[in-house]
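Whatever order the structure lists ligands and atoms in, that order sets their numbers, starting from 1. In this chain, residues are counted from 1 in sequence order.
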Amino acid sequence: MSLKAIKGDITKLNVDAIVNAANRTLLGGGGVDGAIHRAAGKELLKECRTLAGCETGQAKITKGYKLPAKHVIHTVGPVWHGGEQGEPELLKNAYQNSLKLARENQLASIAFPAISTGVYGYPKEKAAQIAVEACLDFLKEYEMAILLVAFSDSDLNRYQQLIENMSEK
Ligand code: AR6
């Protein structure tokens, strides 16, 4: 089984890529984005300036600089506006396009934070369902060691339950 949930700080993980829950400027922010830029150092922002931003649901890759992770895949999740404005599709795109980029770059391991569930306000249960579904769908076709990184015990429990339930289907 190559989908696992763990609890911890994503900036500490020694994987081929960690995913950043960025905004469309790709020029940094708070939350996990701020933590990743702080840990990676100024060189990351310098490379991000060359990328000309990123649309919601899309993804772009950079090096990891001072991070233990080799790369950062920057994606932009949707802001939650009640769920009728394409949020589920856009969140799914963010996971799928990040996985696709990892595959195109021959990466073998990737770690995701809970995209959109902080500042962007996406309900955690709904977001976790989409995350697990997108990862399991991808794993039907391709090999990848995927980690879903929770930042609290309740987030971890939610992921573990969903992985268990949805893998049985
Ligand atoms: N490791 C793992 N997860 C973390 C970490 C960490 N070090 N820090 C926070 N989280 P958020 P968003 C969790 O707000 O909702 C930024 O300003 C956190 O508990 O970082 O997609 C960007 O620039 C939450 O569950 O991202 C954008 O403007 C999850 O990461 C905006 O926030 C995502 O929370 C993006 O908002």
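- Under the ring-ring contact (aromatic ring centres under 6.0 Å, His included) criterion, Phe151 pairs with no residue at all, not counting sequence neighbours.
- Atoms CG and CG, on Asp33 and Asn20 in that order, are 4.0 Å from each other to the nearest 0.5 Å.
- Under a 4.0 Å N-O distance rule, the pair Lys63/Glu47 does not qualify as a salt bridge.
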Could you check ligand 1 for N or O atoms lying under 3.5 Å from protein N or O atoms and list the pairs with distances?
unit_1	atom_1	unit_2	atom_2	d
ligand 1	1 (N)	Ile10	N	3.0
ligand 1	7 (N)	Asp9	OD1	2.8
ligand 1	14 (O)	Val119	N	2.8
ligand 1	15 (O)	Ser116	O	3.4
ligand 1	15 (O)	Thr117	N	3.4
ligand 1	15 (O)	Gly118	N	2.8
ligand 1	15 (O)	Val119	N	3.2
ligand 1	15 (O)	Tyr120	N	3.1
ligand 1	17 (O)	Gly30	N	2.7
ligand 1	20 (O)	Val32	N	2.8
ligand 1	21 (O)	Ser116	N	2.8
ligand 1	23 (O)	Asn23	ND2	2.7
ligand 1	23 (O)	Asp33	OD2	2.7
ligand 1	25 (O)	Thr117	OG1	2.8
ligand 1	28 (O)	Asn23	ND2	3.3
ligand 1	28 (O)	Tyr120	OH	3.4
ligand 1	34 (O)	Gly118	N	3.4

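- Applying the side-chain hydrogen bond (donor to acceptor under 3.5 Å, both in side chains) definition to pairs two or more places apart or across chains, those involving residues 102-124 are Lys124-Asp155.
- The hydrophobic cluster around Leu147 extends to Ile6, Ile10, Leu13, Val15, Ile18, Val32, Ile36, Leu44, Tyr65, Leu67, Val72, Val149, counting ILVMFWY residues whose side-chain heavy atoms fall within less than 4.5 Å of a member.
- In this structure, Ser2 and Leu139 approach most closely via the heavy-atom pair OG-CD2, 3.6 Å.
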